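It should be emphasised that the depicted structure is a prediction, and the values quoted were computed from it without experimental measurement. Quick note on labels: first sequence line is chain A, next is B, and so on, each numbered from 1.
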Amino acid sequence: MLVSYNWLKEYVNIDITAAELGEKITKSGIEVEIVESLNKGITGVIVGHVLECVQHPNADKLRVCKVDIGAEEPVQIVCGAPNVAAGQKVPVAQVGAVLPGNFKIKKAKLRGEASHGMICSLTELGVDTKLVPKEYSAGIFVMPSDAQVGSDALSYLNLDDYVLELGLTPNRADCLNMIGVAYEVAAILNEELRLPEVPLEHTGEKASDYISVKVDATEDNPYYGAMLIKNVSIGPSPLWMQNRLIAAGIRPINNVVDITNYVLLEYGQPLHAFDYDRFGSREVVVRRAKDGEEIVTLDDTERKLNSSHLVITNGEVPVAVAGVMGGATSEVQEDTTTVLLEAAYFEGQRVRAASKDLGLRSEASARYEKGIDRNRVYEAARRAASLMAQYAGGEVAEGIVEDGERSVSEGTAEVTRTRINSLLGTAIENEQISEIFTRLRFPFEVQGETFKVTVPARRPDITIDADLVEEVGRIYGYDRIPTTYLVTESRPGGLSPYQAARRKVMRYLEGAGLYQAVTYALTTPEKATSFSFVKEQQENIQTISVSHPMSEERSTLRSTLIPQLLEVVRHNHHRSLDDVGVFEISSVFFTIEQPISVLPEEKTYLSGALTGLWNIHPWQGEKKRTDFFVVKGILEGLFEELGLRSRISFESESLKGMHPGRTAVIKLDSITIGLIGQIHPGTQKEWDLNETYVFEMDLDQLIQTIVEPTVYQTLPRFPSITRDIALVVDKNLPAGDLNTVIHEAGGALLKESSLFDLYEGEHMEEGKKSLAFSLKYFDPERTLTDEEVTKAHENILRNLEERFGAELRK
Amino acid sequence: MQDRLQALKEEALLKIQQANELKELQEIKVSYLGKKGPITEVLKGMGKLSPEERPVIGAYANEVRDAITAALDAKIRQLEQAAIEEKLNKEAIDVTLPGRPVRKGNSHPLTAVIEEIEDLFLTMGFTVAEGPEVETDYYNFEALNLPKGHPARDMQDSFFITEDILLRTQTSPVQARTMEKHHGRGPVKIISPGKVYRRDDDDATHSHQFMQIEGLVVDENVRLSDLKGVLETFAKKMFGEDRKIRLRPSFFPFTEPSVEMDISCFKCGGKGCSICKHTGWIEILGAGMVHPNVLEMAGFDSKKYTGFAFGMGPERIAMLKYGIDDIRHFYTNDLRFLKQFKKA
């Protein structure tokens, strides 16, 4: 809502500046986003009288004018506007004047003719071109003939005004009009309120002799009123009205239309003026549109309607879409003489349906959608009729022809002083509360400490005691509310074990060299399901899509984080950032039904993507590329951190999108909880990536697993014995299998086994490889003898031979 | 004989002095002090001496031997010292060369901001509550006093999946769920961070996915003035001890009264600058006293219990705190962006 400071002063005494007023309104509850001066830096523009206007001798498009600017002698001004003429009163920028954009007016010679100033158009004075009345859009502005020559033109043009732009929350639709704002400002400033006087004389004829009104959709349209104004003559509206419309962002059209817009701004009541003679009948019938019914609206566009739209008809065909836009055929035109004025209360939902479907948003539809004051409809109609009598020469037929109740009873609400003070933390007295309700102009009664308040219809947002508490609080002033500290039962706060573990995982991964990424949950249906560590499910994961996506790219909830992390890798790759290690912890979504009827299953996944060099220390010649084992090492460290290392195993698996020979599923005990591996070279190429490794795990499973508490192990008092063993085995035999058997066969004495060599090259029999383990034997109770160790060692060897045909490497 | 010893001594000392290697000294040692050396020879001839001469010469011979031994030891030490020094000299490194980097990542700036806020409220006895990102219309709207058709639903145009299920547009449904779990008994003191979704076109200041963090306290006798106290603590902790706060009336469907909190500009201190758009104040969060309808719907007696809630956007706070100019940076994850928050 744009509020003219000068206009507002007509209703309330304001003796502070526009900026100060803006500040006060903001502090009391309605955010004033901008206080804008309409004077965009103008000085020295005065009213001039064009005494003489002749063709420029050397230029077709220029005219030479003699203009009286109140000085001793008229000045000569060369003007290029096509509409300049002798006898006009015009805005003149004198020599020395400044126009918007710091444009200084100097003496000039135009094609040989001296020019002492400039006759201005509204655009040159800083008015938005689209607000300039059509008749002046291509030329200078012509002022009323009673304008005082030599006086400041800005006040005539209202360019000395300020506009306050209100950022209204949905509950304050009452301030979508000047009177509503006036109520608010009068309460804030504790000033008197002056409402417009509406004198109305009748011709003696009755409106009901001309028109009838019937509403066939009373729920959508609880009240419809029609007035009739005869003998209007269409012409421009008075300059002050045009100025106010311009300040509010509405372009002046003609007196009748301007008046309906003016009353819309003043009362917040949308009005529509039909040309009675072009209405097509003598009856107004309001009903739902029929599916497929058509209307050509004011903007000369044919609109197709449906049964969710409400229309005004002449009994036969639609003449307006209720609350949205009138029809072209019954539009007020130059030759209109009889106006049928509509003032109605339409339900917001109905107006919204049509305005949304037709893509038409207007000042009127916005107000209906947000809710108008039912009890002001009739008053607004009278105001418009009165202005038409005054400024369009109209004669008002008596009465308003209506269907529905003209007014509704006002609501009530109750609040106690105790409630006010206990909710706000204040100690406000009865007298202060009374004063505040008086300032707000809410009628009330006090009984002890209880306030029974009648809520005016303009404030439908107030229904319960808390609403009244807010009204008292904001007028009292939030800056006067003390600062206190919570007194609640003392309980320890803190993270849940899950939340603490999740933080631990993040800190570990950051410490291990990965950056945390946060990516979008919505993606394409393909990407949403492109990776899965559950082999059996990977081909038939059900997608969950939003019903009206903004784009295909953001249509479907993901069931894997890997694609978005690959996008991160690619984004960086395209910027030559090729060494990337990122992880993300986010939700993924699963369902088994289509469409969903209950909330989908939400899991928290931990995923990562790594590519490029892992370690790099160039001047020492060290460069280590990220490979499977870099990633595996990071994860093993994580499992250790979580106390799960011994319960985790990696098993080779071929999964969609992954390199078949370099991918494993991660198992916790026997449950698959994740994957690790290299992106399939084909996928890699599709995505335009370098060699990239990823992992993905179900974090919930990982950190909700119960872990045995740590038990201290006595430090060894006896020496351990280490024996190495080098084996030749089939190339395909996983080292992990050998290790498992080593531990089984080694018995209690074997404390550790670690792989220290892998050899697959020359001197090795085809299809074979050599693996060497270092085995550590230890007994906490005594020193082991050589014989015991040899026995255990040989047992291991025998088992390996039997199970895998392993041979000692010669 | 004494002369001979004298001469041997001088000869040996000279050689020791001239020697440059340990090996030479070893040879000198053997040749002068060895069993076949000249001093031994001299001593062997002691039998021929008179008993008067014998102790004199014997003592002198020992003196010569000691002198040579001492000279040798000194020279050896000298050479060893020189050798060590030479070795150390050779081992010298350029300490200005760069060290071996320890690979280290860091948190996302949004996580950093959220954890900072969480930690602050944890010290005030809050717990962290979390909830699903896909929500029912009931928890996302209705339980928060936003019945179907409420104009405020427009303020947060939503991604619906079905008529009743949508991507949550706010973290407030966690408040409704948490209150419900308390079965009408206070106190409730939670902070709830998380991702939310709205149908906005992504640009420098809008994102269809973003974070929120909300707080909720429900108990007997909770007042707006208490909210003011909590928010003041928060503002000082997050933005500096000398921050002032200002509450302005506002509107949210789930609170009444509703307020918006501004803090005095941390850049200019309130004088007016580009960060605070020359107002001296920066809008930080929305808050208010929990609407009685919300309390009642969650099973609390709104006559007995009151509460406050507040909510803010970690993106906005991170953008203000670090001077980030484009919200999309948070979701693009350019390494050059992420790496800037090492000490966040």
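Heavy-atom distances place the backbone of B/Asp200, and not its side chain, under 4.5 Å from chain A. For chain B, the nearby part of A/His571 is the side chain; its heavy atoms alone come within less than 4.5 Å. Interface remark: A/Thr26 contributes backbone and side-chain atoms alike to the contact with chain B (heavy atom separation under 4.5 Å). Interface remark: B/Val102 contributes no atoms to any contact with chain A (heavy atom separation under 4.5 Å). With a 4.5 angstrom heavy-atom cutoff, A/Arg507 touches chain B only via side-chain atoms. Proximity to chain A involves both the backbone and the side chain of B/Glu115, based on heavy atoms less than 4.5 angstrom apart. Heavy-atom distances place both the backbone and the side chain of B/Arg100 under 4.5 Å from chain A. Proximity to chain B (any heavy atom under 4.5 Å) is restricted, for A/Ala512, to the backbone atoms N, CA, C and O. Only the side chain of A/Asn572 comes within contact range of chain B, judged by heavy atoms closer than 4.5 Å. Both the backbone and the side chain of B/Glu133 have a heavy atom closer than 4.5 Å to some heavy atom of chain A. Heavy-atom distances place both the backbone and the side chain of A/Leu486 under 4.5 Å from chain B. Interface remark: B/Thr162 contributes side-chain atoms only to the contact with chain A (heavy atom separation under 4.5 Å). In this structure, chain A has no heavy atom under 4.5 Å from any part of B/Met124. Residue B/Lys195 touches chain A through its side chain alone, counting heavy-atom pairs closer than 4.5 Å. For B/Thr136, the parts sitting under 4.5 Å from any heavy atom of chain A are the backbone and the side chain alike. When heavy atoms are compared at a cutoff of 4.5 Å, A/Ser496 does not approach chain B at all. When heavy atoms are compared at a cutoff of 4.5 Å, A/Ser586 approaches chain B by way of both its backbone and its side chain. With a 4.5 angstrom heavy-atom cutoff, A/Glu567 does not touch chain B via any of its atoms. Contact of A/Leu495 with chain B is made through backbone and side chain together, with heavy-atom distances under 4.5 Å. With a threshold of 4.5 angstrom between heavy atoms, B/Asn106 approaches chain A through its backbone and through its side chain. In this structure, the portion of B/Thr233 lying under 4.5 Å from any heavy atom of chain A is its side chain and not its backbone. Only the side chain of B/Leu167 comes within contact range of chain A, judged by heavy atoms closer than 4.5 Å. Only the side chain of A/Glu23 comes within contact range of chain B, judged by heavy atoms closer than 4.5 Å. Contact of B/Phe160 with chain A is made through backbone and side chain together, with heavy-atom distances under 4.5 Å. Using a 4.5 Å cut-off between heavy atoms, A/Pro618 does not touch chain B at all. Residue contact with chain A, scored on non-hydrogen atoms closer than 4.5 Å, involves the side chain of B/Ile165 exclusively. Only the side chain of A/Ile544 comes within contact range of chain B, judged by heavy atoms closer than 4.5 Å. The contact between A/Glu622 and chain B is made entirely by side chain atoms (from C-beta outward), counting heavy-atom distances below 4.5 Å.
A distance-only check finds no donor-acceptor pair linking the side chain of A/Glu510 to the backbone of A/Tyr515 [under 3.5 Å]. Using modelled atom types, one side-chain atom of A/Trp619 and one backbone atom of B/Pro98 make a donor-acceptor pair closer than 3.5 Å. Judged by distance alone, with hydrogens and angles left aside, the side-chain atoms of A/Glu369 form no donor-acceptor pair with the main-chain N or O of A/Gln349 at under 3.5 Å. Checked by atom type and distance alone, the side chain of B/Asn145 never pairs as donor or acceptor with a backbone atom of B/Phe254 at under 3.5 Å. Judged purely by atom type and a 3.5 angstrom limit, B/Lys189 has no side-chain atom pairing as donor or acceptor with the backbone of B/Phe121. With B/Lys228 contributing its side chain and A/Ile481 its backbone, the two residues share a donor-acceptor pair below 3.5 Å. Between the side chain of B/Asp262 and the backbone N or O of B/Arg248, no donor-acceptor pair lies under 3.5 Å. A distance-only check finds no donor-acceptor pair linking the side chain of B/Thr332 to the backbone of B/Asp334 [under 3.5 Å]. The backbone N or O of A/Gly425 lies less than 3.5 Å from no partner atom in the side chain of B/Arg223, so there is not a single donor-acceptor pair. Put simply, the side chain of B/Thr111 never gets that close to the backbone of B/Ser107: no donor and acceptor are under 3.5 Å apart.
Per-residue counts of heavy-atom pairs under 4.5 Å with chain A were compared for B/Thr127, B/Val128, B/Asp164, B/Leu247; the largest is that of B/Val128. Interface check for chain B: of the options A/Phe589, A/Tyr520, A/Phe583, the most heavy-atom pairs under 4.5 Å are formed by A/Tyr520. Top candidate by heavy-atom pairs under 4.5 Å with chain B, chosen from A/Leu557, A/Asp461, A/Val469, is A/Leu557. Of the listed residues B/Val222, B/Leu97, B/Leu227, B/Asn293, the one with more heavy-atom pairs under 4.5 angstrom with chain A than any other is B/Leu97. Listed options A/Ile30, A/Ile464, A/Asn421 were ranked by heavy-atom pairs under 4.5 angstrom with chain B; first place goes to A/Ile464. Between chain B and the residues A/Arg554, A/His548, A/Arg503, the most heavy-atom pairs under 4.5 angstrom are made by A/Arg503. Each of A/Ala521, A/Gly493, A/Gly513 has some count of heavy-atom pairs under 4.5 Å with chain B, and the biggest count is that of A/Gly513. Ranking B/Leu338, B/Leu335, B/Leu122 against chain A, the residue ahead of the rest is B/Leu335, based on heavy-atom pairs under 4.5 Å. Counting heavy-atom pairs closer than 4.5 Å to chain A, the top residue among B/Glu163, B/His108, B/Glu232 is B/His108. Between chain B and the options A/Gly477, A/Ser545, A/Gly581, A/Gly371, heavy-atom pairs under 4.5 Å are most frequent for A/Ser545. For the set B/Val259, B/Val230, B/Leu110, the entry with the most heavy-atom pairs within less than 4.5 Å of chain A is B/Val259.
Ionic pairing of A/Lys27 and A/Asp479 is present here: one or more N-O contacts between side-chain nitrogen and carboxylate oxygen are shorter than 4.0 angstrom. The existence of a salt bridge linking A/Arg352 and A/Glu347 is excluded, since no basic side-chain nitrogen approaches an acidic carboxylate oxygen closer than 4.0 Å. The pair B/Arg198-B/Asp157 does not meet the salt-bridge criterion, since no charged nitrogen lies less than 4.0 angstrom from a carboxylate oxygen. The pair A/Glu184-A/Arg172 meets the salt-bridge criterion, since a charged nitrogen lies less than 4.0 angstrom from a carboxylate oxygen.
Under the 30°/60° scheme for interplanar angles, the aromatic rings of B/His208 and B/Phe159 are found to stand perpendicular.
Side chain to side chain, B/Glu118 and A/Gln499 fail the donor-acceptor criterion of an N or O pair below 3.5 Å. Using modelled atom types, one finds a donor on one side chain and an acceptor on the other under 3.5 Å when comparing B/Glu260 with B/Ser250. Side-chain contact, A/Arg558 with A/Thr519: a donor N or O sits under 3.5 Å from an acceptor N or O. No donor-acceptor contact under 3.5 angstrom links the side chains of A/Gln542 and A/Thr591, judged on distance only.
The shortest side-chain heavy-atom distance between B/Phe330 and A/Val518 does not fall under the 4.5 Å cut-off. By the 4.5 Å heavy-atom criterion applied to side chains, A/Glu602 and B/Val134 are counted as neighbours.
Within a 6.0 Å sphere centred on NZ of A/Lys603, heavy atoms belonging to other residues, nucleotides or ligands number more than 12.
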